[in-house]
Every structure is written in structure tokens, then in C-alpha cells.
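Naming convention: chains lettered A, B, ... in sequence-line order (proteins, then strands); numbering from 1 in each chain.
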Amino acid sequence: MAEEKGLRRAAEIYADRFRAARELKEKGHKIAGYFCCYVPVELLSAAGFVPMRILGDMGEPVTVADTYLPTMMCPFFRSCLDLGLKGRYDFLDAFVGVHACDGAERVSAVWRSYLQYPCVFYLDTPHTAHDHALVFFQKQLGYLQAVLEEHTGRKISGAAVKEQISLYNRQRRLVRELYKLRQVDPPPVSGTEVLQVAVALLQLPVQEGNRLVEDVIAEVKARRPGPAPKKSRLLVSGCLIDNIAITGLIEECGLRVVMDDTAIGSRTFGHDVEPTPDPLKGLADRYLAKIVCPRTFRETGKSRAEDLEQRYAYLKSFIQDWKVDGVYLNLIRNCDIHGYEIPELKHYLEGLGVPVLAVEQDYSTAGLAPLRTRFQAFAETMEID
Amino acid sequence: MFFAGIDIGSTITKIVIREDGGRQVALVRPTGAGHRRLADRVMEEALEQAGLTFDRIAFVVATGYGRVNVPFADAQLSEITCHMKGVNRLFPGVRTIIDIGGQDSKGIKVVNGKIGSFVMNDKCAAGTGRFLEVMADSLGLGLEETGEMALVSRSPVSMTRICTAYVGQEIVLRMSEGVPLEDIVAGVHQALCGRICSMVNKIGIEKEVVLTGGGAKNPGVVKYMEKIIGFPLLRPAEPLLTGALGASLAAQDLWRKAAAEGRAASPRERTLAPVSFFQ
Amino acid sequence: MAVLAGLDVGSLLAKAVILDEAEGILAHSVRLVAGNFQTAARDVLNAALDNCGLTAGTVASLGTTGLGAGFVNGPSLRNTEISCQARGVHYLLPRAGSVIEIGDQSTRVIRLTGQGKVADCVISDKCAMGSGRVLQVIARVLRITLEEMGGLSQEATRPVSFSTGCSVFVETEVISRIAEGAGVADIVGGLHRAMAVKIGGMADKARLEGDIAAAGGGACDPGLVKMLEKVIGQKVLVVDRPLLTGAVGAALMAAESRGRG
Amino acid sequence: MEEKKKKRSSAKTLQTAREAGYFGKKMLARTRSAVEAGQPVGWAMVEWWLGATIAKAMGVEMVFPENYGAFCAASRTAEANLDYSESDGFPSTLCGYARNCLGYTRRLKENGFVIPADATGGGMPKPDFLLACGAACDARYKWFQALGRYLDVPVWLLEFPQTGSREYFLPGNKEENIRFMVGELRSFVSFLESLLGRKMDWDALAERLDILFKTHALAHAVDRLRLAVPSPAMSTDFWALMIPHLYLPDDPETLAFYGRVYDEVKYKVDHNIGAVPNERYRMMFAELPPWHTLGFFDEVAERHGVAFAFESWNYHVPPPLPAGEKEGIGDPLELIARYSYHKFHHGADAGVKYGVDPIIFTAPYLEYVQDYRIDGLMCHPLVSCRPATYTLMHLRNVLLEKFKVPSVVVEGDIVDMRVFNEEEAHAKMDAFIETMDYHRELRRKEGLNW
Ligand SMILES: Nc1ncnc2c1ncn2[C@@H]1O[C@H](COP(=O)(O)OP(=O)(O)O)[C@@H](O)[C@H]1O
Ligand SMILES: Nc1ncnc2c1ncn2[C@@H]1O[C@H](COP(=O)(O)OP(=O)(O)O)[C@@H](O)[C@H]1O
Ligand code: SF4
Ligand code: SF4
Ligand code: SF4
């Protein structure tokens, strides 16, 4: 088999994000850390930063953050702050907090009360995509731009933002192409591999990232998988998954992750930014209105049925196009945003004739062992006799 | 043709060896620290009882907590599937299965002989058989005694959501306050059943309901379970065995399928090896 | 001679001391509560008195503390465990600036004032994993005594890590690890480390200062204490007779308020 | 466990506080009679006086399920609702008020939308719409969205900006925020107009706003009276008095009532009458109380001479709008927007001064501790309400570091009384008294003047 350079590179970056980031710094890059998929990386990039999504580490017990955050909050953000307080993100040149969910908002505030960086901004993000909200969000992006400009002492031109938009649009299209390759059965690339690529992209300079995905696509296309046993095809939806321990466990239990509806995945790479005369407008629309995450309220419409369609119809096409046999609803404990969705989402998906497994997990690799039985039983439930 | 199911539970190891349409041998042994690596011995013991040698067994399915590393098994299946198959064989009308094991408890919804949906608790010991064991331990009594004791109480104390680690302390406090022992014991049973019921409620509790697992052997559990659910429950003659029985039934199905596809292993290729380690 | 008496009726053990403020501990006694606070309290106090040959009549004041303190018969002055621990440790080890008290049900981390009062305090949350209870559970599974545990953990070469935070399930996990072939020393070492990390987090929260003293039943376990030192990065002194600090504090506090009243 | 925790309602120290329970019942009763009279009814989140007054000006009766949650908790009837929502698949980690409401609504639906006979306080009738809010807490809109499972009625989300302390001072940003809020309010008015098929009654709105501001002015004046030493009122008083100013501030009866509250507190201050005999310590409480065990605070007061002098930023009215912001504003919607925004951001100065975020739930306390001469903070982390809990540890650190004010942490919940361990809480309080003594010394040494 030909050497799979791109996939290997992605796996390496995934395995040690911090080393990869430090290498970038040694090459003279400045790095801007940010939370969640609601921060327009185009702006950070146009200001000359490499955007790096701040993630936690499921493999490391939270010790330091206990003094700053209560135990009953989202363990993902507890882990993020824990790493921050332990100095893992000390190399950041800028920090952009965001109001994605309560967890993101409060941790943004606590983060900057204790950790100082040369450039800091908190991006308030409305919960609705009403017209006024879009205008407001666009203005907030303007403030982000101004704060970045003030820090670098350099104006960011509209043209520069537009250039970044087209580079990132290209990245998003490439990732979608990679996703499409999984529509065939068996898929030539595993959920674990795709996750490694996605995580790597969340901290690479955009052009480097684009080259990486191109390599990966070529490598995956070159694969000639032989006949493989039939396995059920899974859509993963809900809270973010940033660790291959989860995809690995799922795939070990006889399931294939073929599609996702999560923050490090289709929510990040799902939609393009439309070209608009003021690029901030296109950005505001894409980030606030187009990303479908339950943290943004959708108008309820005239009836419950209509409400459910507006909130979940996109999953229907995921299920059809990726020939999904079952859905895994991934819930990180204490996540309100996704927790309130579970009964309705389950009801909706089961209405489409797709079985659903909803599991609450603690964002800890050590705590995954008990999930094995659930995944295995779920696989057996769907087994095609 | 003989088929075997081995259910290595957290607390108890169970084996069923069945002949297609014929006789059946079952064995129940504690899983305890020393026995873990001795699943092969337990199997040997069962074979001896059945008067068989290992090469007579066409297919072995392992299930339960320790299923992952039973080298002599031909396949492994989750307890959920196995319990469902086992119970469904014994009670074809079953709609809901409640299984109370030593380290986890589950609810399974059965739809046309298949798993409709399931729920499981393995996070907190307070919803499992451990809860009762810890209680019995701290009283210096056996599970049989406490189970019977729970039956005579007229006013069980309420202690709904209490952690297993603290149940001992709670009991001492209550006893020092002068609460009759049987009311405390009954309260613990009631608390356990309440927890399990509200979990199983998530998939809906519909008639017929079958109670399995070690918990089903406890009359106190049965009483309070029925009280909370509001109608009588069915119980297999030996509730511990449904998982192993289901595994042996699955063994037969899987063997047939493999045979039909021409890839059934010849029994001679398999040996009875010690269990290596557990996840 | 009038002496002070202190009773700490814990969830597992009842402890009694007879104290002369100038001379220190005259006698003590410890016994299992074994399901009845009343009798345990009575017996342990009588035993302590017997040990120094005194009668109940010589006791000027009786101070009580602990979960079962409410069940002590006769006139006594009850104070809460935290304050008693603080006083007791201050009396027995005056240079301690902070206390880590590892009891059967919970662990308390206390920063002391110069007078042995409570400057700050953090108590472990409801799960039993950070308390002495888990030591006992595991000792039973491993068929070793609590006394043996301390030495064993220092022999650990590859301490195991546990996936569960629940003290009840740690037990079954230990069983699995034995089956996997992990050595007893590595299991004990892993357990001590897990506990020490938990307690270390509490120490951070309470911003411990000065010399740190360990008390309570868990302090009887030198392996745990060593591991704590490693995690906290500072020497941890063990109070002489760590089980008795609560009872000593109770005796002193009762005398204090008698003096005041 | 529960049996021991007998229900003990707290002994409020103000006569008016003892009477305040009337308003909660009035609110519930009014919605029920509105339904009978064929008038529209809405359920609203606490949205800090943004939308409910607007809806009421259009003839809608509003009721607050959050308040209903506290009501059920205080009367210890929430458990059944909690279980009922969990059995429908809602995680048990969600907000206790939400689970209470989801369980209640499921029962309501299963009863053909006839209020079950045993419903606490007579129950909440089926609404015609739901008014959600984006402020401070995700549950405030996710919960109402989730109610769609049982209620086929529209949900409107009133969005609320939450600005960072430094961003607050970016040139023009505050006005952007206000503009956005006004826009949101205008859309809400259109939503109501098309839902109800009637026009907004602007005069009625102006009238209601007038009463609201007057009520709030009195409520704030009462807060300031509480600066007095000894403290004339306690947190338990406040939790009762909160209901009228939070839920019915635009009701003439509330205004009259608050006049009496003011007089009563003023009298006590003038005559040096403390709520706690022999006040020795002044404590502050954050954030939401254990509604089911409020009596705990009386015991603490009694045992140690602790006055809970002030509490929870969340449910207090803000300081009055600076005159410059109020004058010349003709649009009532803008007035509302400015006022609510002010509620959420009046801590911005303190936030920047001390370099502490967030402005909500943290910065305001930096001023309270000084103003109210606070010796110690009682943090009450809740198992089921994250928003009121997220920043408590942070607050604890900040108060200790900046003002040498220590905190005692007592875990509990707003509805789930099984979490609250009263004995342990008392044990902690006993030790905490020594801690407060010690820090008093420290403050003296550092020249902090209380
Ligand atoms: N005769 C009995 N009476 C009461 N409880 C019993 C009895 N036999 C077993 N149990 C309980 O059943 C549990 C074990 O059940 P089992 O279904 O075998 O679990 P696992 O599969 O996890 O080992 C233990 O908690 C044990 O205490
Ligand atoms: N010699 C010992 N070595 C190690 N641990 C001990 C020893 N003696 C007691 N312990 C531990 O200390 C705990 C009892 O401590 P104690 O302070 O008496 O608690 P309590 O006051 O709650 O009864 C037990 O959980 C036990 O595990
Ligand atoms: S999972 Fe939910 S609560 Fe947690 S960080 Fe993501 S959006 Fe926020
Ligand atoms: S609460 Fe108790 S039983 Fe539950 S997980 Fe924790 S230690 Fe285990
Ligand atoms: S603030 Fe807390 S109690 Fe109120 S709705 Fe939000 S989660 Fe519930």
C-alpha cells in the first residue's frame, strides 16, 4: 500500500496538539485560541493568527480546575480550563471567548480572569437568528476585527477577509468531499481517521490544512478495500467528540461511524460563507444562521410537527445519503443544550424508522469501559440477519 | 449437537450447555477474584456434569461482564441480547425485562422477539444488587435473611436516593434512633426498586414483565418491585441463568448461520484455554 | 484530680481520651461502633477511664463530637468535627498550619489560625472515594490488613489507574485487575495515588499554608501519606496518635466553653 | 433521610414578608380565571422585566413556571413531577424547575389539559404561547422549546445580549446592544399582535411601566435600608418579598404593598431594631436558596447571631437607571431595553476595576461585600441549576483574594431536597464562625474597613 502521508500527518498532529502548535510558533506564527464553532476563524486568520480551537483532554483527570469551577458543570469545559490553568495553552497570543452555551460563556469569563494574553475578546453571540440578531452579530464581528487590528496595529482590509473566506470555504468543501467518500459501503475511511483529520484542521494554517485534506482525499480514493463484513452504519449526533477513544470504541463494537452531526465535524465544515459586499455580513449569516446547533433557537412555526421539521430535517438527508442504520446521540453529562433535545430528537429519529442509542458520558476515557456493552448491544439490535 | 453459553458476571459465572431439543446442564459459580481466571475450570466442571468433552460442543457464546476475553468462545454477545433471547424462550409473551445484576441493572423492551430498546445503569452502585450486598454485609447478615426480613416490615423507612458507600452509616444511625431493623431493611429494598423502576420507565414498563438476574432471587426485591409497578411480575425458575441460556441459544443460531455459509469451525480446532484477562 | 474527657463517636470507630491539659493524654481507648453508637460511646469512655484508673466522677467536663455524638448519654458538650480536629491537632502538634484529616466517611482539609481555629476548610463531596472507607474495602478484597497497606504501596512499580470514581465499583475493578495479573503492591499504590490526587485538589482549594499535618484514620497509612507528599509537593507530618485528634479537640473545646460559662 | 427533614417554613422577620405569599397565589389564580373568561394566557421565564409587562399590556395574563417550581419545592410536591419528566427521557441533570415543569405539563396533557385536581397551588393552566429568554441561562429557552413535546403552542425567544466587561466599554457597543434589544422587543410586539389579532395598547404599557419603575424604586430603597447595622431584614424575608417585585412589578397592588414594606423596614432601621437579636456576623448568600429547607437559615441566625444581610444578585432590582439614560426616551420599548440591560451590566465598572469577569453573577458582589459590610459568603452550589452555580467557586476565590472575605460552601438544590444535608451544613457553619473571626482580624490588619 502506498504511504498515506496525509493521514499519518493528521494522526501525528492529533496525538500531540501542543507540540504541533509549538512547532508553528517556532516557525514564527502567532496563535489565537478560541472556543466552539461560533468564532469566525476567517477573521483571526486575516489578522495574521493561526486559529486554534481550544479543546480538553478526556484522558487527563481534572485536578486544578476544581478550585475554579463546580463539579456539576460541563466536563468538557472543566477539562479545557484545567488544561489552561495547568499552563498547556500558555503559548497563545490571543484568546477569543464566545457565548456558545452557558458553559462556553462562563468559562470564557473565568478563563480571562485568571489567564492573561496579549489580545483578548469575548464574542457575544445571540441565541436567535432573527434579522436583528444577524445585524447585531455582524456588529460584534466588527468589534472583534477592531480589537484584533488594535493589537496588531494593522488594518484588516475587506479583501483580506474575503481571501480567507474563500480559503476556508475551500477547506469546508474539501472536508465535505471527504465525508461524501463515506457514502459508499463499506466506507474507505474510518470515523477515527476522519476525526483525526478534523482535529488537525482546527489548528493548522488554512492553506496547510487544505493541502492536508487534499492529500487525505487522494489517499482515501486510492484505497481498494476488499470485501468486508457487513456492519451497521452509524450517525453520531450531539455533543462534541474530540477523542478517538470514543470512535475507536464504537468501531470496535462492530459499528461504523459514517456521518456526524457534531461540533468537530459537520457543524464546523458544513456550510460555506456567501460572498457579500461587506464580508462581515456573509460571516454573520454563515456562523449564526447556517450552523445548525441546538444552541441557536429556531422559530417554532405553526405546530409541533413544523417545529420538529425546522430543527431536525437536515438529519433526514444525512440518514438517506449516508445510508444510516442507527443514530448514536452523544450527550456529555450536564450539557443543557443537548440534554433538553434528547426526548424530541429521539422521537423524531425513531419516527423515521431509525433506531437510536442515547448515552450520557463523563468526558473521560477512563469512564468509557461501561459504554462497551451499550454499543455492542446496539450493534446486535441492528444486526441484519 | 451441543451448544454452550457462558455468562461471566461481575459476581456470578453461569454456564448452560444445551443439546438441540434435548437435555440441558447448568452450572452457577461465584466469579470472585480467584475464580476469574478459572472460567475454563468452570466449563470443565459443567462438561463433566453433562458427561461431555469439549470437542462435542459445536459453538460457544460468551456474554456478561467478562465476555471479552474468553479465548475458547466462538463469539461474544452483550448481556442485553442474551438475556432477551433467554427470557423470550422461557416467556414468549414478554414485553419488558428487568434484570438486576451484581454490578449493573437493565431494562429491555422486547418487540417481536427482538430488542426494541434498552436502558442500563452501571454508574452508581445504588441501583444494583451491590446495594443490597453492602447492606447485608454491614448488618452481618446473609442476603437470604435480609430478603425475608424485608417482607415482614409494615412501614419501610424512606431513604430514596442514598449512596451505597453510605448505606452502612445510614443504617447505624437509624438503628441508634430505634427504628426496627426490618423497617430499615425494607427501606433499602424499596429504595433500590424505586431507582430501578424509574430507570426502566424510560423505555416504558408494559406487561408481561419478567424479572431476572440475581435480584430476582430476592423475595424483598420482588415484593417492592411489584408494589411499585402495580402488577405481578413473572420470574424464571432460575433467574440467574437467562443470560447463559440466551447465549447458548445464540450459539445455536450463529452455528447454523456459519454452517450455512460453510465456515463453521470444526470442533477439533478449538481448545479449552484459560481465560487471559478481563476488561 | 480533675481531668478532661473527650469522645469522638465516628461512623466506624469510637474514640475516647482522658486528658490533663498540662500533662497531655493520660489514657485513651478505641473501639468499633458496630451498629450501636450508645453502647460504643459508653464502653469506650469507660475503657479509657479504666486505662488510667480513674472514675467518671473525676471528669470535670466531657466533650463529644462525631456522627454519633448525639447518642452519648449523660451531660456532655458537643462540638462539630471540624473545629475539634483543628483544636486537637493544634494541641498535639502546635507548629501545624494546616490539617488533612482522613476519616472513614469524608476527608477534611483545614487551614488553621495561630490559635488552632478554622481559617478555612474544605470537605470532600459525597462520594466515598476520597475517604478512609475505600482503604478498608480494598484491604478486604486483597485479603491484607490496613497496617500492611502502607508498606505495600511503596513497593509499587507500576501503580494501576482506576477508571471509576465510585468507591463501590473500585472493589470490582480491583478484582478485575487481580485477574489481569496486576500485583497487590501496584493496586495499593494506584489506590493511594487516586486518593492523594483527590485530596490534593482539596488542599489547593483550601490554600494550605505552613506545616501540613495528617490526622484521622487514613493518616495511619504511611503509604497514603507518602503519596500525599508527592502530590502536594511538601512534607506531611503525621500527628502522634492520629485517630485521637478529634477526641482531644472535643475535650479541649468542652473545657474552653466551661471556662467561659 | 427525608422523614427527618420535617417541613419547617422559615420564620420571616418582617410582617410584610409574611404577607407576600399572597402575590404568588394571586398570579396563579388570575391566569386560571383568565382562561375561564376566554382570555389569553402565557407562560414566561423570568426575563428581567422585558416581555411579560408588554404581554400584560396587551391583555395577556402571565405566569412563571420558575416560580411554580419554587412553589412546588417549598410545598414538597415536586418529586413526582421530577420523576415523571425523567421517565420521558429528560436527563436527571437538567434544571429542577424545568423538570418539575416538564413533568407537570406532561400530566396536564395526559389529563386533556384539565388541571389535575391535586395540582399544587391550584396549578397553571394551559398557555397560548411561551415566552422564553436568552439571558444568563440556556435552560430558559431550551426548556420551553422542549415543552413543545406536550404543548403545541408557539415559543417566542426574547434574546438578551451579555457583554464582557471590557467589551462593555468599547465605543458604541452599549448602544448597539440596546438597539438590538429594542429590535427584539419590536418583533415580539408584532408576534403578539399577529397571535392575538389585536393591536398593542401603548398607553396601557406606559401606565404599567410607570408602576413598575415606582415599585422597583421602592424595592431598591429597601435594599439600601438593609445597609444598616444591625440588619433590619434577612434573606428569608427577601425571598418572600422577591415574588411581587419580580413577577408582578407592574401591578398597583404590588406598588402599594411595597410602600408598606419600605415603611416597615424604615421603622426598624430608625429604631435600631435588628432582624436577629445580637447580630454578631453579617453574611451574604449566593445564589438560589434551598426552597424546601429555608428554616435552616433561622437556626443559623439563632445559634450564631448571623444576619444574612444581603443575597443573590440575580433577583434584586438594579440600581435606578442613571437619569441621563432615562430622560428624553419616548419609546417605551427602549426604556424597557435600557432598564433590563442596566440590570445585567451595572457590574461592568466593578468588573473592569478589579479585572474580574463575568459582569453577571460575579462583579456585583464585589460591591455588595463592601457596602453591606459582609463577614462571610455562603455559597450554595446547586446540583440542578448550573447558571447560578458556575461562578460560585470563582466568586469564592475573588472575595477572599480581594477583600479577605471567606466563604462556606453548602451543597444543595432548589427542588431536590435529597441533596441537602442539614447536619453537615450546620457542622460547616459552626466551624465557619471561627473562620469569619479570623478574617475579620485579617481585614483589620489590611486596612479594609469592616
Ligand atoms: N439467593 C439469592 N438471594 C438474593 N440475592 C441473590 C441470590 N443469589 C444471588 N443474588 C444477588 O444477585 C447478584 C448477582 O446477580 P447476577 O445476575 O448473577 O449478576 P452478574 O451477572 O453481574 O454477576 C448479586 O448482587 C447477588 O447478591
Ligand atoms: N491502621 C490503619 N491503617 C490505615 N487506615 C486505617 C487504620 N486504622 C483506621 N484506618 C482507616 O481510617 C478510617 C477510620 O478513621 P476515623 O478517623 O476513625 O473515621 P470516623 O471518625 O469517621 O470513624 C477507616 O476508614 C479506616 O479505613
Ligand atoms: S457540549 Fe454543549 S454545553 Fe458542552 S461545550 Fe458543547 S455546547 Fe457547550
Ligand atoms: S454515589 Fe456512591 S454508589 Fe454512587 S457512584 Fe458515588 S460512591 Fe458509587
Ligand atoms: S437559572 Fe437555574 S433555576 Fe433558573 S431556569 Fe436556569 S437552570 Fe433553571
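- When D:Thr163, D:Val356, D:Leu170 are compared by the number of non-hydrogen pairs under 4.5 Å with chain A, D:Leu170 comes out ahead.
- Of the atoms belonging to A:Tyr114, it is side-chain heavy atoms, and not backbone ones, that fall under 4.5 Å from chain D.
- With a 4.5 Å cut-off on non-hydrogen atoms, D:Cys133 does not touch chain A at all.
- Contact count against chain D (heavy-atom pairs under 4.5 Å) is highest for A:His132 among A:His132, A:Glu299, A:His130, A:His99.
- When ring centroids are compared, D:Phe129 and D:Trp156 stay outside the 6.0 Å threshold.
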Side chain to side chain donor-acceptor pair (under 3.5 Å) evaluation trace for A:Gln140 with D:Asn173: CA-CA 8 Å; A:Gln140 293 305 312; D:Asn173 197 10; 3.0 Å; yes

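- By the 4.5 Å heavy-atom criterion applied to side chains, A:His151 and A:Pro118 are counted as neighbours.
- D:Tyr84 places no side-chain N or O within donor-acceptor distance of the main-chain N or O of D:Thr105, the cut-off being under 3.5 Å.
- Neither the backbone nor the side chain of D:Tyr354 has a heavy atom closer than 4.5 Å to any heavy atom of chain A.
- Counting heavy-atom pairs closer than 4.5 Å to chain D, the top-ranked of the candidates A:Tyr143, A:Tyr68, A:Tyr122 is A:Tyr143.
- In terms of heavy-atom pairs under 4.5 angstrom with chain D, the leader among A:Thr71, A:Val107, A:Val135, A:Thr67 is A:Thr67.
- No donor-acceptor distance shorter than 3.5 angstrom exists from the side chain of D:Ser194 to the backbone of D:Leu192, with no hydrogens or angles considered.
- Of the residues considered (A:Lys346, A:Arg333, A:Glu341, A:Arg298), A:Glu341 shows the highest number of contacts with chain D, using heavy-atom pairs under 4.5 Å.
- The most heavy-atom pairs under 4.5 Å with chain A, out of D:Val182, D:Leu157, D:Leu151, come from D:Leu157.
- A donor-acceptor pair under 3.5 Å links the side-chain atoms of A:Ser108 to the main chain of A:Ala104, judged by distance alone.
- Neither the backbone nor the side chain of D:Cys379 comes within less than 4.5 Å of any heavy atom of chain A.
- Between D:Glu411 and D:Lys428 there is a salt bridge, since a side-chain N of the basic residue sits under 4.0 Å from a carboxylate O of the acidic one.
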